[in-house]
Amino acid sequence: MDFLELAKSRWSVRKFKPQQISSEELEQILLAGKYAPTAVNYQPQKIYILKSKEAMEKINSVCKCVFGAPMAILVAYDKERAWRCPFDGHLSGDVDVGIVATHMVMKAWEMGIGTCFVEHFDPEDVKKIFNLPENEKVVLLLPIGYPANDAEPLMKLHGTFREKEDVVKTL
Ligand SMILES: Cc1cc2nc3c(=O)[nH]c(=O)nc-3n(C[C@H](O)[C@H](O)[C@H](O)COP(=O)(O)O)c2cc1C
(Lines give C-alpha, C1' and ligand atoms only; values in the text may rest on other atoms or scores of the structure.)
Protein backbone atom coordinates (compact mmCIF):
# COMPACT_ATOMS: atom_id res chain seq x y z
CA MET A 1 0.00 0.00 0.00
CA ASP A 2 1.13 3.54 -0.69
CA PHE A 3 2.57 4.99 2.54
CA LEU A 4 0.13 7.89 2.76
CA GLU A 5 -2.81 5.50 2.34
CA LEU A 6 -1.35 3.25 5.02
CA ALA A 7 -0.82 6.17 7.41
CA LYS A 8 -4.30 7.55 6.76
CA SER A 9 -5.97 4.19 7.26
CA ARG A 10 -4.31 3.37 10.62
CA TRP A 11 -6.23 3.69 13.85
CA SER A 12 -5.61 2.63 17.43
CA VAL A 13 -6.96 -0.86 18.02
CA ARG A 14 -8.36 -1.37 21.52
CA LYS A 15 -10.17 -4.69 21.06
CA PHE A 16 -8.41 -7.86 19.95
CA LYS A 17 -9.02 -11.46 18.94
CA PRO A 18 -7.65 -13.85 21.57
CA GLN A 19 -5.05 -15.56 19.39
CA GLN A 20 -1.51 -14.22 19.34
CA ILE A 21 0.12 -13.08 16.11
CA SER A 22 2.46 -15.66 14.59
CA SER A 23 6.18 -15.63 15.33
CA GLU A 24 6.81 -14.88 11.62
CA GLU A 25 4.61 -11.79 11.83
CA LEU A 26 6.30 -10.74 15.06
CA GLU A 27 9.70 -11.10 13.38
CA GLN A 28 8.59 -8.82 10.51
CA ILE A 29 7.42 -6.22 13.00
CA LEU A 30 10.69 -6.41 14.93
CA LEU A 31 12.63 -6.05 11.67
CA ALA A 32 10.74 -2.86 10.88
CA GLY A 33 11.80 -1.57 14.29
CA LYS A 34 15.38 -2.67 13.69
CA TYR A 35 15.63 -0.51 10.55
CA ALA A 36 14.52 2.64 12.36
CA PRO A 37 17.02 5.48 12.53
CA THR A 38 18.33 6.60 15.92
CA ALA A 39 20.53 9.52 16.90
CA VAL A 40 24.13 8.79 15.84
CA ASN A 41 22.84 5.25 15.16
CA TYR A 42 23.43 4.49 18.85
CA GLN A 43 20.33 2.23 18.88
CA PRO A 44 19.56 2.59 22.59
CA GLN A 45 16.22 0.80 22.27
CA LYS A 46 15.34 -2.24 24.32
CA ILE A 47 12.30 -4.23 23.23
CA TYR A 48 10.53 -6.61 25.56
CA ILE A 49 7.97 -9.06 24.16
CA LEU A 50 5.23 -9.76 26.67
CA LYS A 51 3.83 -13.08 25.54
CA SER A 52 3.40 -15.44 28.46
CA LYS A 53 0.25 -15.56 30.58
CA GLU A 54 2.37 -14.44 33.51
CA ALA A 55 3.82 -11.44 31.66
CA MET A 56 0.37 -10.38 30.45
CA GLU A 57 -1.05 -10.67 33.96
CA LYS A 58 1.78 -8.53 35.27
CA ILE A 59 1.34 -5.77 32.71
CA ASN A 60 -2.44 -5.80 33.23
CA SER A 61 -1.84 -5.30 36.95
CA VAL A 62 -0.13 -1.93 36.37
CA CYS A 63 -1.70 -0.69 33.14
CA LYS A 64 -5.38 -0.26 32.30
CA CYS A 65 -4.67 0.19 28.60
CA VAL A 66 -3.72 -3.33 27.55
CA PHE A 67 -7.22 -3.73 26.12
CA GLY A 68 -7.33 -7.51 26.39
CA ALA A 69 -4.51 -7.90 23.87
CA PRO A 70 -3.00 -11.39 23.79
CA MET A 71 0.52 -9.97 23.51
CA ALA A 72 2.29 -6.66 23.97
CA ILE A 73 5.59 -5.03 23.10
CA LEU A 74 7.26 -2.89 25.71
CA VAL A 75 9.57 -0.25 24.27
CA ALA A 76 12.35 1.08 26.49
CA TYR A 77 15.83 2.50 26.06
CA ASP A 78 19.16 2.32 27.77
CA LYS A 79 19.92 5.78 29.15
CA GLU A 80 23.65 5.05 29.01
CA ARG A 81 23.49 4.25 25.29
CA ALA A 82 21.29 7.12 24.16
CA TRP A 83 22.88 10.14 22.51
CA ARG A 84 23.00 13.25 24.69
CA CYS A 85 22.49 16.61 23.01
CA PRO A 86 25.52 18.78 23.83
CA PHE A 87 23.47 21.97 23.73
CA ASP A 88 20.74 21.33 26.29
CA GLY A 89 21.81 17.90 27.59
CA HIS A 90 18.61 16.05 26.72
CA LEU A 91 18.78 12.37 25.83
CA SER A 92 17.56 11.34 22.39
CA GLY A 93 16.12 8.05 23.69
CA ASP A 94 12.47 9.13 23.81
CA VAL A 95 12.61 10.33 20.21
CA ASP A 96 14.57 7.24 19.13
CA VAL A 97 12.11 4.78 20.60
CA GLY A 98 9.17 6.81 19.30
CA ILE A 99 10.53 6.23 15.80
CA VAL A 100 11.26 2.55 16.47
CA ALA A 101 7.72 2.07 17.80
CA THR A 102 6.20 3.90 14.84
CA HIS A 103 8.05 1.66 12.38
CA MET A 104 6.68 -1.39 14.23
CA VAL A 105 3.13 -0.01 14.44
CA MET A 106 3.05 0.80 10.73
CA LYS A 107 4.51 -2.57 9.69
CA ALA A 108 1.94 -4.31 11.88
CA TRP A 109 -0.87 -2.28 10.33
CA GLU A 110 0.35 -3.13 6.83
CA MET A 111 -0.10 -6.80 7.78
CA GLY A 112 -3.58 -6.26 9.24
CA ILE A 113 -2.30 -6.35 12.81
CA GLY A 114 -3.58 -3.79 15.28
CA THR A 115 -1.75 -1.89 18.00
CA CYS A 116 -2.10 1.21 20.11
CA PHE A 117 0.62 3.47 21.47
CA VAL A 118 0.18 3.43 25.25
CA GLU A 119 1.89 5.71 27.76
CA HIS A 120 -0.69 5.50 30.51
CA PHE A 121 1.32 3.64 33.14
CA ASP A 122 3.92 4.43 35.76
CA PRO A 123 7.24 3.44 34.16
CA GLU A 124 8.69 2.65 37.58
CA ASP A 125 5.88 0.13 38.27
CA VAL A 126 6.63 -1.57 34.96
CA LYS A 127 10.35 -1.68 35.70
CA LYS A 128 9.68 -3.18 39.09
CA ILE A 129 7.32 -5.98 38.00
CA PHE A 130 9.63 -7.09 35.19
CA ASN A 131 12.81 -6.46 37.16
CA LEU A 132 14.26 -4.26 34.40
CA PRO A 133 17.73 -2.73 34.74
CA GLU A 134 18.04 0.60 36.55
CA ASN A 135 19.62 2.28 33.50
CA GLU A 136 16.58 1.64 31.29
CA LYS A 137 13.66 3.97 30.78
CA VAL A 138 10.34 2.43 29.75
CA VAL A 139 8.56 4.68 27.28
CA LEU A 140 5.75 2.89 25.46
CA LEU A 141 3.59 -0.17 25.57
CA LEU A 142 2.17 -1.55 22.32
CA PRO A 143 -0.65 -4.02 22.93
CA ILE A 144 -0.70 -6.02 19.71
CA GLY A 145 -2.90 -8.54 17.95
CA TYR A 146 -5.51 -9.16 15.28
CA PRO A 147 -8.30 -6.61 15.62
CA ALA A 148 -11.56 -8.10 16.96
CA ASN A 149 -14.30 -8.31 14.33
CA ASP A 150 -16.18 -5.51 16.07
CA ALA A 151 -13.13 -3.37 16.88
CA GLU A 152 -13.51 0.19 15.73
CA PRO A 153 -11.68 3.49 16.10
CA LEU A 154 -12.61 5.70 19.07
CA MET A 155 -14.23 8.39 16.97
CA LYS A 156 -13.88 11.10 19.63
CA LEU A 157 -10.11 10.67 19.37
CA HIS A 158 -9.54 9.45 15.83
CA GLY A 159 -9.73 11.11 12.45
CA THR A 160 -9.76 14.84 13.13
CA PHE A 161 -6.66 16.75 12.27
CA ARG A 162 -5.58 20.33 12.82
CA GLU A 163 -5.49 22.50 9.75
CA LYS A 164 -2.18 22.68 7.92
CA GLU A 165 -2.15 26.48 8.35
CA ASP A 166 -2.40 26.00 12.12
CA VAL A 167 0.46 23.48 12.26
CA VAL A 168 2.89 24.29 9.47
CA LYS A 169 4.71 27.59 9.22
CA THR A 170 7.14 28.34 6.44
CA LEU A 171 9.87 30.60 7.76
C1 LIG B 1 2.61 8.79 22.55
C2 LIG B 1 1.20 8.27 22.58
C3 LIG B 1 0.67 7.81 23.78
C4 LIG B 1 -0.61 7.28 23.82
N5 LIG B 1 -1.09 6.75 24.99
C6 LIG B 1 -2.31 6.18 25.01
C7 LIG B 1 -2.79 5.56 26.17
O8 LIG B 1 -2.11 5.49 27.20
N9 LIG B 1 -4.03 4.99 26.14
C10 LIG B 1 -4.79 4.99 25.01
O11 LIG B 1 -5.91 4.46 25.02
N12 LIG B 1 -4.36 5.57 23.86
C13 LIG B 1 -3.15 6.16 23.84
N14 LIG B 1 -2.67 6.73 22.68
C15 LIG B 1 -3.47 6.66 21.46
C16 LIG B 1 -4.01 8.03 21.06
O17 LIG B 1 -5.07 8.39 21.92
C18 LIG B 1 -4.47 7.93 19.62
O19 LIG B 1 -3.39 7.59 18.79
C20 LIG B 1 -5.04 9.27 19.12
O21 LIG B 1 -6.17 9.62 19.87
C22 LIG B 1 -5.44 9.21 17.64
O23 LIG B 1 -6.34 8.13 17.43
P24 LIG B 1 -5.99 6.99 16.38
O25 LIG B 1 -4.66 6.40 16.77
O26 LIG B 1 -7.11 5.99 16.49
O27 LIG B 1 -5.92 7.65 15.04
C28 LIG B 1 -1.41 7.26 22.64
C29 LIG B 1 -0.85 7.72 21.44
C30 LIG B 1 0.42 8.21 21.41
C31 LIG B 1 0.99 8.68 20.08
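Nothing fancy with the numbering, it's 1 onward along the sequence. Numbering of ligands and ligand atoms starts at 1, following listing order.
Nearest heavy-atom pair across Cys63 and Val66 is O-CG2, 3.6 Å.
Applying the 6.0 Å contact sphere to CD of Gln19 captures more than 12 heavy atoms from other residues, nucleotides or ligands.
Considering backbone and side-chain atoms together, Ser12 places an N or O closer than 3.5 Å to an N or O of ligand 1.
Close contacts between ligand 1 and Arg10 involve ligand atoms 24 (P), 25 (O), 27 (O) [criterion: under 4.0 Å to a heavy atom]. Of all atoms in ligand 1, numbered sequentially from 1 with element shown, those under 4.0 Å from a heavy atom of Phe67 are 11 (O). Every atom of ligand 1 with a heavy atom of Trp11 under 4.0 Å away is listed here by number and element: 26 (O). Of all atoms in ligand 1, numbered sequentially from 1 with element shown, those under 4.0 Å from a heavy atom of His120 are 8 (O).
Here the protein heavy atom with the shortest distance to atom 2 (C) of ligand 1 is Phe117 CB, 3.8 Å. The protein heavy-atom contact nearest to atom 23 (O) of ligand 1 is Leu157 O, 3.7 Å. Closest protein heavy atom to atom 27 (O) of ligand 1: His158 ND1, 2.6 Å. The protein heavy-atom contact nearest to atom 17 (O) of ligand 1 is Arg14 NH2, 3.4 Å.
Glu124 has no carboxylate O lying under 4.0 Å from a charged side-chain N of Lys128, or vice versa, which leaves the two without a salt bridge.
Between the side chain of Lys137 and the main chain of Ala76, no donor-acceptor pair closer than 3.5 Å is present.
Checked by atom type, the side-chain pair Trp109/Thr115 shows no donor-acceptor distance below 3.5 Å. A donor atom on one side chain and an acceptor atom on the other are found under 3.5 Å apart for Tyr48 and Glu136.
Not a single heavy atom of Phe121 sits closer than 4.0 Å to an atom of ligand 1. Ligand 1 lies within reach of Cys116, whose nearest heavy atom is under 4.0 Å from it.
Cation-pi geometry between Arg81 and Tyr42 is not met at under 6.0 angstrom from the ring centre and within 45 degrees of the axis.
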